[in-house]
*Asks:* 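Here it is, the structure, as structure tokens.
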Amino acid sequence: MGYIRTFGEIDGHPPGSKYRNRREIQHAGLHAHNQRGISGTAREGADAIVLNGGYPDDQDEGDIIIYTGEGGQSAEKKQIADQVIEGGNAALVKSHLEGLPVRVIRGHGEKSKYAPRQGYEYSGLYRIQRYWFKKREDGFQVLQFRLTFVGDADGISHLIQLDEGATPEFEFGHRPVERTSMLTERLKRRLSVVRNVKEWHDNRCQICGTTLMLPSGPASQVAHIQGLGIPHNGPDIEANALCLCPNDHVLFDNGAYYLTDDLKVVDAIKGSTLRPLRTHKRHLIGLNFVRQHRSYWTK
DNA sequence: TCCATGCGCGCTC
DNA sequence: GAGCGCGCACTGG
């Protein structure tokens, strides 16, 4: 009986469902494997993950999860090699690029307040916002993925109720606090930063110099150099932001480009240094942010 | 082919 | 009863 990979919710197995062991999870169609953390392939993407304390670099904040990729460990679970983008890791990268929802299953082996005390619990759908390489203290690189809770239509209406001061009813029975924290994190972004950066550069991409012309006018995107929020906690200020076209935004966020200390653009795939970053006298770039971004993508 | 964020038993405290 | 160490087990990729 083969596993049928399904993205999104599985009928009869809503968030909050509990399972005694991995076999039951596999049988439910929630996850392909009875031992691996990541369910998926590089071609299709990842449909589910299990958090069960297997990697110490994991961080579980409820609606925000920092999930460590697979591989590079010895049989004794010591990190003995760098992780690479293949297998399950490549599946998670694919899910990130395609915006696919990932089912998150928490196990008792994970020592966070969101983990069940016994067995496993299906927590719901998450999306992978970004990924990067983390340099560990021991010198090995591991992949990390930032997942945020997707929620659902009812969950959003609950949020609105909460804001309006109505009695919140969390009929899904889980995690009102984290859901609220996710909302506040979104609201915290300062529009003035976006406005200033776009205005200073006249919507021209700081990497390639093009401006997207739409019927409604010129368009550009403001990218953060050091990520906002958990775990990078970069500041929402102009010095940590770039004005980019959508293509170069994706390339920069995913490590195809990084910057040198003298603000030259490096093509990570070719290993060549391209043109200097376009700058503006009012737009000072924080080198500490440039260095942190570079550290995600260089050894 | 062989590995992987498993499982369960039996031991110790 | 919890926590561990060890041996055996599974199945998709």
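The analysis underlying the following values was restricted to heavy atoms, covering all of them including side chains, and did not include hydrogens, waters or symmetry mates. Convention: sequence-line order gives letters A, B, ...; per-chain numbering from 1.
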*Asks:* Scan Leu51(A) against the nucleic acid and name what it touches under 4.0 Å (heavy atoms): base, sugar-phosphate only, or nothing.
*Replies:*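 It contacts base atoms.
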*Asks:* Within the 4.0 Å heavy-atom criterion, would you say Arg5(A) contacts the bases, only the backbone, or no part of the nucleic acid?
*Replies:*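 If one applies the 4.0 Å heavy-atom cut-off, Arg5(A) turns out to touch the sugar-phosphate alone, with no base involved.
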*Asks:* Just checking Asn34(A): base, sugar-phosphate only, or nothing, at a heavy-atom cut-off of under 4.0 Å?
*Replies:*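 Base contact - Asn34(A) has a heavy atom under 4.0 Å of at least one base atom.
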*Asks:* Heavy atoms only, 4.0 Å cut-off, all strands: where does Gly69(A) land among base, sugar-phosphate and nothing?
*Replies:*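 Touches a base.
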*Asks:* In whole Å, what is the span from the CZ atom of Arg36(A) to the P atom of dA9(C)?
*Replies:*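 Taking atom P of dA9(C) as the reference, CZ of Arg36(A) is at 21 Å.
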*Asks:* How about Lys299(A): does its NZ atom have over 12 heavy atoms from other parts shown lying under 6.0 Å from it?
*Replies:*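 Counting neighbours around NZ of Lys299(A), more than 12 heavy atoms of other residues, nucleotides or ligands fall under 6.0 Å, so yes.
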*Asks:* Is the number of heavy atoms from other residues, nucleotides or ligands within 6.0 Å of CG (Asp138(A)) greater than 12?
*Replies:*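 More than 12 heavy atoms, drawn from other residues, nucleotides or ligands, come within 6.0 Å of this atom.
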*Asks:* Go through dG13(C), dC7(B), dA4(B) for me and flag the one nearest to the Gln35(A) side chain.
*Replies:*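 The closest nucleotide is dA4(B).
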*Asks:* When the distance from NE2 of His108(A) to C1' of dA2(C) is rounded to whole Å, what number comes out?
*Replies:*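 To the nearest whole Å, that distance equals 13 Å.
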*Asks:* So what does Gly109(A) touch, heavy atoms closer than 4.0 Å: a base, only the sugar-phosphate, or nothing?
*Replies:*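 If one applies the 4.0 Å heavy-atom cut-off, Gly109(A) turns out to touch nothing in the nucleic acid.
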*Asks:* Which base, if any, makes a Watson-Crick or G-U wobble pair with dG12(C), both distances under 3.5 Å?
*Replies:*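 The base-pairing partner of dG12(C), which may sit in any strand shown, is dC3(B).
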*Asks:* Quick check, are the ring centers of Trp132(A) and Phe252(A) under 6.0 angstrom apart?
*Replies:*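 Trp132(A) vs Phe252(A): aromatic centres not under 6.0 Å.
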*Asks:* For the pair made of CD in Gln118(A) and P in dG8(B), what is the distance, rounded to whole Å?
*Replies:*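 It is 13 Å, rounded to the nearest whole Å.
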*Asks:* Establish, from distance only, whether the side-chain atoms of Tyr19(A) and His13(A) form a donor-acceptor pair under 3.5 Å.
*Replies:*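 Present: a donor and an acceptor within the cut-off.
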*Asks:* In terms of the nearest nucleotide of DNA chain B, which residue is placed more toward the 5' end: His33(A) or Tyr120(A)?
*Replies:*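 Comparing both residues, the 5'-ward one is His33(A).
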*Asks:* When you measure from the side chain of Arg23(A), which nucleotide among dG6(B), dA4(B), dC10(C) comes out closest?
*Replies:*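 Per side-chain heavy atoms of Arg23(A), the pick is dC10(C).
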*Asks:* Using whole Å, what does the distance between atom P of nucleotide dG13(C) and atom CG of Asn89(A) come to?
*Replies:*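 Rounded to whole Å, this separation is 16 Å.
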*Asks:* How many Å lie between CZ on Arg22(A) and C1' on dC3(B), as a whole number?
*Replies:*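 After rounding, the reported distance stands at 14 Å.
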*Asks:* Would you mind classifying the nucleic acid contact of Thr68(A) as base, sugar-phosphate or nothing, using non-hydrogen atoms under 4.0 angstrom?
*Replies:*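 Base contact.
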*Asks:* Using the six-membered ring wherever Trp is involved, compare the ring planes of His31(A) and His33(A) and label them parallel, tilted or perpendicular (cut-offs 30° and 60°).
*Replies:*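 If you compare the ring of His31(A) with that of His33(A), the planes turn out perpendicular.
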*Asks:* Among dT11(C), dC7(B), dG13(C), which is the nearest nucleotide to the side chain of Gln26(A)?
*Replies:*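 It is dT11(C).
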*Asks:* To the nearest Å, how far apart are Ile38(A) CD1 and dG6(B) P?
*Replies:*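 Distance check: Ile38(A) CD1 to dG6(B) P gives 13 Å.
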*Asks:* Rounded off to whole Å, could you give me the NE2-to-C1' distance for the His31(A) and dG13(C) pair?
*Replies:*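 From His31(A) NE2 to dG13(C) C1': 12 Å.
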*Asks:* Measure the distance from CD on Glu24(A) to C1' on dC7(B) and round it to the nearest whole Å.
*Replies:*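 Taking atom C1' of dC7(B) as the reference, CD of Glu24(A) is at 13 Å.
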